[in-house]
Number of protein chains: 2
Amino acid sequence: MDSASVGVVTPQQFVCETGIDLACGQRLDQYTLVYETYGALNAAADNAVLICHALSGDHHAAGLRSADDSKPGWWDNAIGPGKAIDTNRWFVVCANNLGGCAGSTGPASTKPATGKPFGRDFPLVTVEDWVDSQAALAQHLGIGRWAAVVGGSLGGMQALDWAIRRPAQVQRVVIVAAAPRLSTQNIAFNEIARQAIRSDPDFHDGDYLAHNAIPRHGLKLARMLGHITYLSGDGMRNKFGRELREGKLSFNFDVEFQVESYLRYQGEAFVNRFDANTYLLMTKALDYFDPAARTGGDLAAALKPASARFFVAAFSSDWRFAPTRSREIVDALMANGQAVSYAEIESPHGHDAFLMPIEPYHQMLRDFLQTPAEARA
Amino acid sequence: MDSASVGVVTPQQFVCETGIDLACGQRLDQYTLVYETYGALNAAADNAVLICHALSGDHHAAGLRSADDSKPGWWDNAIGPGKAIDTNRWFVVCANNLGGCAGSTGPASTKPATGKPFGRDFPLVTVEDWVDSQAALAQHLGIGRWAAVVGGSLGGMQALDWAIRRPAQVQRVVIVAAAPRLSTQNIAFNEIARQAIRSDPDFHDGDYLAHNAIPRHGLKLARMLGHITYLSGDGMRNKFGRELREGKLSFNFDVEFQVESYLRYQGEAFVNRFDANTYLLMTKALDYFDPAARTGGDLAAALKPASARFFVAAFSSDWRFAPTRSREIVDALMANGQAVSYAEIESPHGHDAFLMPIEPYHQMLRDFLQTPAEARA
């Protein structure tokens with residue numbers, strides 16, 4: 001892989017003074033999106049690529065926060081000069097979603113009316129709300145039409161919504177490791193994560209910041225559970241097996257198996273960087289997304305308005321959003337005669353594969369971005 | 001299905017005065033097993049069938065607790081006059097496992113030395129400890145050799161251990177929806193369940209009874225998580241879909257999808273009947289079971305001492321203990337030239353299928369119990 005980096009990136013802020021009317025019926029009179037850009041917008045403003053992040057992602061998709069930063073952005077292996085999403089060619093934009101906790105207006109932000117954190121008062125936002133706020137950002141940046149909107153997992157749902165509701169504003173859509181809506185099992189996992197957070201006594205009905213508390217245990221559990229669904233069963237076995245940390249059984253409840261150690265570590269680390277209310281809100285946005293609900297359950301009918309070219313990718317061992325789920329999108333597009341390329345990529349890494357530098361996957365992504373923009377004559 | 005019932009059953013108690021030396025190195029000087037029996041032991045004492053229960057099961061496998069009891073035992077559809085495990089022919093025994101919470105000595109029992117509940121002082125017990133205590137019960141009942149030892153899930157692990165460590169004492173072994181050891185993913189789910197319980201402030205490091213508390217939230221979460229793994233993805237979809245309880249999105253954190261309602265209900269109900277320390281202990285017994293660890297990871301070598309006939313059954317949609325896991329046992333037995341029948345049964349019900357009255361499954365179980373007792377000449 002090309003190890004070229006976009007280098008040190010300074011996040012920018014877009015303050016939307018016109019606010020947003022949300023799907024839930026509430027309104028935010030003003031909000032801020034924090035975002036990063038990589039590469040340069042060309043004179044025609046037709047080389048812009050929007051990256052939509054997933055549940056725990058943020059605007060920092062590539063590059064470094066500072067010169068001595070050892071951990072690049074979450075999709076640095078795909079975004080940079082010469083990489084699959086080549087910043088020599090594309091002007092790449094990634095914003096922290098509304099309701100996030102990395103700088104955009106969210107539950108931990110100060111509510112103007114009270115001067116205190118929103119907490120439980122922050123409204124539930126939807127995938128459609130995110131897309132609408134991203135559209136406001138596009139306008140702010142002078143981008144009339146994205147050359148591509150790209151997203152994995154929950155990000156793929158945003159890309160799908162762009163294609164459906166704003167067809168004139170997107171030329172290509174990349175949907176990786178996603179589904180047209182959550183399965184019942186997906187919702188069930190989310191519900192347990194939410195219950196873990198909400199039943200933590202430190203949650204204080206969402207107003208934990210006002211109580212100087214954080215629902216650490218609940219958020220940790222939610223993240224641990226998430227991690228199981230991000231990895232494949234085989235991947236977990238290959239990575240951790242049944243290896244014992246001390247080489248023998250302890251007959252107590254300390255960490256024994258390596259996989260326990262991994263999950264606890266991941267859970268702890270997450271609590272230090274993520275907001276519990278944002279986690280709740282993200283899971284609800286996932287649960288709610290269902291574009292076919294507007295067309296009586298008919299996904300093909302829902303996709304009819306789309307005019308973009310589609311690239312849909314899924315990973316063989318992903319059981320959170322299995323290839324069969326991605327193929328629902330592909331089948332609906334094909335039923336409509338719409339332009340779609342589909343790849344089921346062999347990987348033992350489960351859902352996490354969408355973040356990994358898998359060469360055929362990145363090559364297909366690179367090639368797709370170079371396809372002619374117009375899918376229909 | 002035959003609806004014949006064994007009728008009202010009175011649990012009995014076996015007090016083992018000789019105690020037990022446990023795998024962890026600790027000793028219980030005395031313990032009690034509560035058990036039920038159905039049918040009659042014949043004069044030759046060669047018609048006894050032991051039923052081993054799974055994680056949340058108990059000794060009440062069949063029949064009713066009282067004449068107006070509306071809920072029969074957990075495997076009533078398989079045990080009774082004329083049923084697959086025919087009580088007209090077999091003398092069926094089922095005991096609550098040591099460490100349980102349905103009457104056998106366990107963490108909620110009074111510790112003789114202190115006069116208070118064991119709580120955190122109750123030792124971790126293993127599948128092997130359970131089998132040893134069941135062997136003491138067999139001796140007490142005058143049963144030198146079981147006609148069959150039958151178990152599903154964690155119960156199947158006990159049946160497997162009977163076959164390996166006490167070959168002279170078991171003629172037939174039935175292992176349903178089980179595995180020769182947990183997968184990494186299985187352990188990971190168990191770890192999250194344990195963390196949910198142990199991080200509940202009401203857990204008090206296991207001594208919650210002494211604090212007049214119960215870690216309700218943690219145990220509820222653990223059970224909710226368990227339920228996801230007991231059902232198949234398709235089964236969940238067929239049962240609950242994405243049905244909304246109120247018919248529309250609420251944009252809050254109340255119960256919205258029917259599957260949320262189901263999981264919360266199941267979690268709540270469980271908290272009222274099960275002990276959190278027992279749940280912890282059961283998950284550890286699951287994690288620890290690995291007979292092949294004694295033979296360098298070679299399951300066939302571990303199974304060599306067995307002389308019983310085996311019937312191994314798995315269910316097509318079970319992803320907790322998938323058919324591939326059951327086949328590991330079958331393959332090892334076949335490599336040894338040991339007598340084994342295997343059935344992979346079509347069912348959409350996931351792991352829960354092992355408790356369901358699936359006709360081909362029960363027919364095979366019935367037929368297997370009638371095979372000649374001696375597997376080897």
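The model shown is predicted, which means the values in this text are computed figures rather than measured ones. Quick note on labels: first sequence line is chain A, next is B, and so on, each numbered from 1.
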So how far is it from B:Arg198 CZ to A:His217 NE2, rounded to the nearest 0.5 Å? 11.5 Å
Mind checking whether B:Phe189 and A:Phe189 have parallel, tilted or perpendicular rings, split at 30° and 60°? parallel
Let me confirm one number: the CZ-CD1 distance from A:Arg223 to B:Ile192, rounded to the nearest 0.5 Å. 11.5 Å
If we only count heavy atoms from C-beta on, is the A:Asp290 to B:Arg242 side-chain gap below 4.5 Å? yes
Where B:Thr184 and A:Gly241 come nearest, the two heavy atoms and their spacing: OG1-O, 2.8 Å
Drop me the distance from A:Lys284's NZ to B:Phe253's CZ, to the nearest 0.5 angstrom. 6.5 Å
Which atom pair, heavy atoms only, marks the closest approach of A:Val259 to B:Ala188? CG2-CB, 4.1 Å
Could you look at A:Gln26 and say if it's the side chain, the backbone, both or neither that has a heavy atom under 4.5 Å from chain B? neither
Portion of B:Leu280 that has a non-hydrogen atom of chain A nearer than 4.5 angstrom: both
Proximity breakdown for A:Leu22 and chain B, heavy-atom pairs closer than 4.5 Å: neither
Give, for atom CD of A:Glu260 and atom CD of B:Glu191, the distance between the pair rounded to the nearest 0.5 Å. 4.0 Å
Please flag which part of A:Arg181 lies under 4.5 Å from any non-hydrogen atom of chain B: side chain, backbone, both or neither. both
Could you report the tightest heavy-atom contact between A:Met224 and B:Gln195, atom names first, then the distance? CE-CG, 3.9 Å
Does any backbone or side-chain atom of A:Arg194 lie under 4.5 Å from a heavy atom of chain B? Answer side chain, backbone, both or neither. side chain
So what's closer than 4.5 Å to chain B heavy atoms on A:Ala23: side chain, backbone, both or neither? both
Out of curiosity, A:Leu221 CG to B:Leu225 CG, how far, rounded to the nearest 0.5 Å? 9.5 Å
Region of A:Asn252 in contact with chain B, defined by heavy-atom distances below 4.5 Å: backbone
If we define contacts as heavy-atom pairs under 4.5 Å, which of B:Glu243, B:Arg264, B:Arg216 has the most with chain A? B:Arg264
Find the one option among A:Trp319, A:Phe240, A:Tyr262 whose heavy-atom pairs under 4.5 Å with chain B are most numerous. A:Trp319
Check whether A:Ser250 gets within reach of chain B through its side chain, its backbone, both or neither, counting any heavy atom under 4.5 Å. both
Examine whether an atom of A:Lys220 lies under 4.5 Å from a heavy atom of chain B, and if so say whether it belongs to the side chain, the backbone or both; otherwise answer neither. side chain
For atom CG of B:Asn212, decide whether the heavy atoms of other residues, nucleotides or ligands shown that lie under 6.0 angstrom number more than 12. no
Applying a strict 4.5 Å limit to non-hydrogen atoms, the region of B:Tyr288 in contact with chain A is both
When rounded to the nearest 0.5 angstrom, what distance separates CD1 in B:Ile187 from CD in A:Glu256? 9.5 Å
Residue from A:Asp287, A:Asn190, A:Val255, A:Leu263 scoring the most non-hydrogen pairs under 4.5 Å with chain B is A:Asp287
Heavy-atom contact with chain B under 4.5 Å, split by part of A:Leu182: both
